[in-house]
Amino acid sequence: MTAHMVKKQSHQPLHVNGRPRAMYRAGRYVVLASLCALCYSNSVHGELVHDDVWAIVNNPDVRADSSLRKIFSDDFWGKPMSDNTSHKSYRPLCILTFKLNVLLHGMNPFYFHVTNLLLHCAVTCLLMYTCECCVFEDGLLAFVTALIFAVHPIHTEAVTGVVGRADVLACMLFLLAFLSYIRSVGVCLSEDDFPPTVSVGCLLISVLLGTCAMLVKETGITVFGVCIIYDALVLCRKPLAYHMLGSRFSDFLHISSPFTKRACFISVCVLIILSVRLWLMGGSMPLFSEQDNPASFSPYLLTRILTYSYLLSFNAWLLLVPVVLCYDWQVGSIPLVESLGDLRNGATVLLALVIITLCIRCLFSLKCAMFGALLQGPNGQESREILVGVLFLVFPFIPASNLFFRVGFVVAERVLYMPSMGYCILVALGVSRLCTVVGRYGTTVVSVSVVLLLLSFSWKTVHQNQVWLSREALFRSGIRTLPHNAKVHYNYANFLKDSGQLQEAIQHYSTALRLYPQHASAMNNLGTLTQSPEEAESYYRKALVINPQHNRALFNLGNLFKSQGKEKEAESLLRNSIHFGPYFADAYSSLASLYAEQKRFAEAKEMYLKGIERCPENSDLHNNYGVFLVDTGEDEMAVDHYQQAIRLKPTHYIAMVNLGRLLRLNNKNQDAEFWYKRALQVTKNVDILTPLGALYYNTGRYEEALQVYREATTLQPDNTDIWLAFAQVLAVADHTNEAEKLTLEIISKEISCIECYRLLSAIYSKRGNYTEALGALDRALQQNLGDLTVRAELYFSKGNQLRELNLLDQAFKSYKLAVELKPDQSQAWMNMGGIQHIKGDYAAARMYYQRALLLNPSSKLLKENLAKLDRLERRLSAGEK
């Protein structure tokens, strides 16, 4: 039996009917699991929001068809660890759980949230088990600790936000590693001995679990420090200090050799783990901006010390009184503490006094142990409870404290998930001591207070879960909670921009800039919303003044110059955008399209291939390259890249439509129809319906075409082109009356609709009303036509109508006007020859026929007309002779 497993006197009552105590303990676990499920039941129907989008939806490593190897070479967000822009957060085991979710249930958010909830239930139950084994003698205190932990509102970001799984899973592995380490330590052989290592296997498992905890989230490695200190001060029958004071150093080393071996083994393992971690990071730390962690960029040492110290007390306050919670605490939420006279230093002093008091209490119990009152005694038991509470509170928070390295946030509620274990232990201990002091009636009051605390925490948790249900709810809550935070205004503006609420987006971008004038991204995004090119350019340039390496501002300014024909400036800016954002796929596409417009096809192709090499998982890049390949005549390769875009993003309907159009051009109508219909399964969009309607129209499936166009008109009732296409199908399908009515309605709204007049002319012509058909064409010609080709086509159509009315001279004049505007109209030249042929001017007819034949040498009709003309001239020549 291990030292920590010595049978304790428990205050737990036996069940009245004599059932085993195990049933009573099992009931507690059921209560804990039920409470967790009840508090977080409203979170499982939420969306993937905020960081979930970047870590899961947009993370190429999470996709079902991605390589497992990439998970172990990339960071948490899917970027290579060696890349300069990497966040350096190496959490492959957490990403594996996301990938497992995708493999089992796809991107359904429900199962991601359910997994988080189940993990939180497991951690809560494991915490109670840990407290029963290693902290409290009274199992009721372990239960109270777990109850507070189960419902604490500070956990909502970690449990309800799917990315918080890293903290929840790391916490579970932290506790398992701690328990495994304790199990590896044996009972003391004598009063002066240190406990031996009775299970090397458990010790190795502890190291493995601790390493796994770190591979889930970096804070997991702190479990090794907790284990060593707990070993030294609790597992040893007499504390380390007792032997150091009472023995020679050589005797101490001999006596403490089991503990020394364990401590050295753990220390070596930690050094190896950290060395490998640093190697994976490429020997460099992550790069953060000033808005991520303003205090770390302060040039004044005093400001940094005071601010970091205050942030410790601020986090402690969030644990103690979690009333004001927010998903983001950056950019103005917590101003820097710049002087000793700042009143917030009082909170820092108060926290320091509390921690010092707890440490003194531990030292006092340790002093008692040195005179024989061992840590397993009454004083030692209290010291152990305080010690574990402080260890669990302090150690997991060290990586987030800026003590050893700069972190990328000011306050992050999810990082308090693990430290909250220590907080809950200390609260339960405080409740126990308070009950001891106040007596019987006071205990009732304390118990009621604990129940009220649990109820208030539960209500706050349920309410806070609703904040995380959607992107809009999350960002709105940020505005309400921290209206002076520029980051929450920026995020909400992004949401408004994406949802088409542009004016509101502009307002919140402007607010973000008013609160934080150096917000380059807000400046850049504001430029994308302005209607004035000059104003947009001004915003982009201001963003680049703030951050000359802002790759999106470089990209947007480059695209602006590209649209203005400033090709050299555009090329330079887009190249810089790629240089500072080597994994920004849009920049590769934009620069490649610029080269294509300049007929620099080889360079365009090279740029597309370079982009695909850097961003192989970007579906838009594959789609855009497919468009380029179609334009350059490489249809087969285009099909492959369209299909790759669809494989990477099964909802990429634009690639489906492009693939359908390419197949349609190659007369693969059935395959084209398949892709159009598959695109419609993703979204009902007129850009999908109109090419499908055109396919049905061109293949004679008029009723299906009518059904498709009717659906399109309901989606965009103000789209003239769709109504016109609908009318054209009606006309061809012999619904001429309906087609005529619809066309006239379009003309009444848009009198300059040339195609409407042409369609109307075709409808009248189909009925044999050539005079009305001619009138429709005349009305079209009366419009202000800038396109000479369209005018030429109208004159040609007018000539056809005049010819039907046997007005050959007028028809000839109309055809002549057509060829004057567009000399390559072989049909007009042939018709002019035909009119001259009928009128007996054979020389003129031959001239027009031959002109038409030059334009269309394969025309059988032209050759037949010339042959007829030859025979006629021979007969005439023979008659004259």
Side-chain angles (χ1 to χ4, degrees), residues 58 77 79-80 82-87 284 287-291 490 494 497 509 513 517-632 634 641 645:
N58 295 341
W77 314 97
K79 285 187 177 182
S82 58
D83 189 79
N84 290 334
T85 61
S86 169
H87 195 269
S284 63
L287 299 176
F288 298 114
S289 65
E290 184 177 355
Q291 69 182 50
Y490 170 76
N494 286 341
K497 176 186 174 184
Y509 281 135
L513 287 169
Q518 299 301 307
H519 203 308
S521 294
M523 193 76 72
N524 170 67
N525 289 3
L526 199 54
T528 64
L529 296 181
T530 182
Q531 300 297 318
S532 167
E534 294 78 13
E535 194 175 351
E537 180 180 346
S538 173
Y539 282 123
Y540 298 145
R541 289 191 180 279
K542 287 178 182 178
L544 291 171
V545 168
I546 298 169
N547 180 8
Q549 299 182 5
H550 198 293
N551 64 316
R552 291 188 179 271
L554 289 164
F555 169 77
N556 288 329
L557 186 57
N559 275 346
L560 179 63
F561 285 162
K562 178 181 169 184
S563 66
Q564 294 174 344
K566 301 176 182 178
E567 296 177 347
K568 288 185 178 180
E569 295 92 329
E571 180 181 352
S572 175
L573 287 164
L574 291 172
R575 280 191 171 277
N576 284 335
S577 178
I578 292 171
H579 175 72
F580 294 118
Y583 300 98
F584 184 28
D586 290 348
Y588 290 99
S589 286
S590 187
L591 184 55
S593 69
L594 175 62
Y595 289 150
E597 290 170 9
Q598 296 173 339
K599 310 300 182 186
R600 297 159 64 181
F601 297 118
E603 292 174 85
K605 186 172 185 177
E606 181 185 357
M607 188 55 58
Y608 273 123
L609 292 176
K610 185 177 180 181
I612 289 172
E613 181 185 357
R614 288 285 185 90
C615 315
E617 306 294 330
N618 188 276
S619 57
D620 289 338
L621 195 52
H622 283 280
N623 173 72
N624 295 343
Y625 185 43
V627 174
F628 169 79
L629 291 169
V630 170
D631 293 339
T632 54
E634 300 182 66
H641 283 279

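The structure displayed is predicted, hence computed values, not measured ones. Every heavy atom of this structure was used, including side-chain atoms; hydrogens, water molecules and symmetry mates were not.
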Next item on the list: For the residue pair Y625 and H641, categorise the inter-ring angle as parallel (less than 30°), tilted (30 to 60°) or perpendicular (more than 60°).
Entry: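 Perpendicular, since the angle between the ring planes exceeds 60°.
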
Interatomic spacing from [atom1] in [X] to [atom2] in [Y] - rounded to 0.5 Å:
X: L526; Y: Y540; atom1: CG; atom2: OH; answer: 9.5 Å
X: S521; Y: Y490; atom1: OG; atom2: OH; answer: 4.0 Å
X: L591; Y: Y608; atom1: CG; atom2: OH; answer: 9.5 Å
X: C615; Y: K610; atom1: SG; atom2: NZ; answer: 11.0 Å
X: H519; Y: I546; atom1: NE2; atom2: CD1; answer: 9.5 Å
X: L573; Y: L544; atom1: CG; atom2: CG; answer: 7.5 Å

Side-chain contact test, heavy atoms from C-beta onward, threshold under 4.5 Å: evaluate it for [X] versus [Y] and give yes or no.
X: I578; Y: M607; value: yes
X: Y509; Y: N494; value: yes
X: Y595; Y: F601; value: no
X: P80; Y: Y583; value: yes

Exercise: identify the closest heavy-atom pair between [X] and [Y]:
X: A536; Y: G527; result: CB-O, 3.4 Å
X: S577; Y: F584; result: OG-CD2, 3.6 Å
X: A585; Y: L621; result: O-CD1, 3.9 Å

Margin query: Main chain of N525, side chain of T528: is a donor-acceptor contact present, judged purely on distance under 3.5 Å?
Written below: yes

Note to self: Donor-acceptor pair, distance only, cut-off 3.5 Å: does the side chain of H622 make one with the backbone of E617?
What the structure shows: no

Checklist line | Derivation and outcome, side chain to side chain contact (heavy atoms under 4.5 Å, CB included), residues K568 and S572 | finding: CA-CA 6 Å; K568 288 185 178 180; S572 175; over 6 Å; no

Could you list the donor-acceptor pairs under 3.5 angstrom formed by side chains in residues 554-564, with sequence neighbours left out?
residue, atom, partner, partner atom, Å
N556, ND2, N524, OD1, 2.8
N556, ND2, R552, O, 3.2
N559, OD1, S590, OG, 2.3
K562, NZ, S590, O, 3.1
K562, NZ, S593, OG, 2.3
S563, OG, L560, O, 2.6

Margin query: I need the full list of salt bridge (Lys or Arg N to Asp or Glu O under 4.0 Å) pairs touching residues 584-601, with sequence neighbours left out, sorted by first then second residue.
Written below: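 Sorted pair list: E571-R600, R600-E603.
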
Next item on the list: Take M523 and V545, measure what side chain to side chain contact (heavy atoms under 4.5 Å, CB included) needs, and give me the verdict at the end.
Entry: CA-CA 11 Å; M523 193 76 72; V545 168; over 6 Å; no

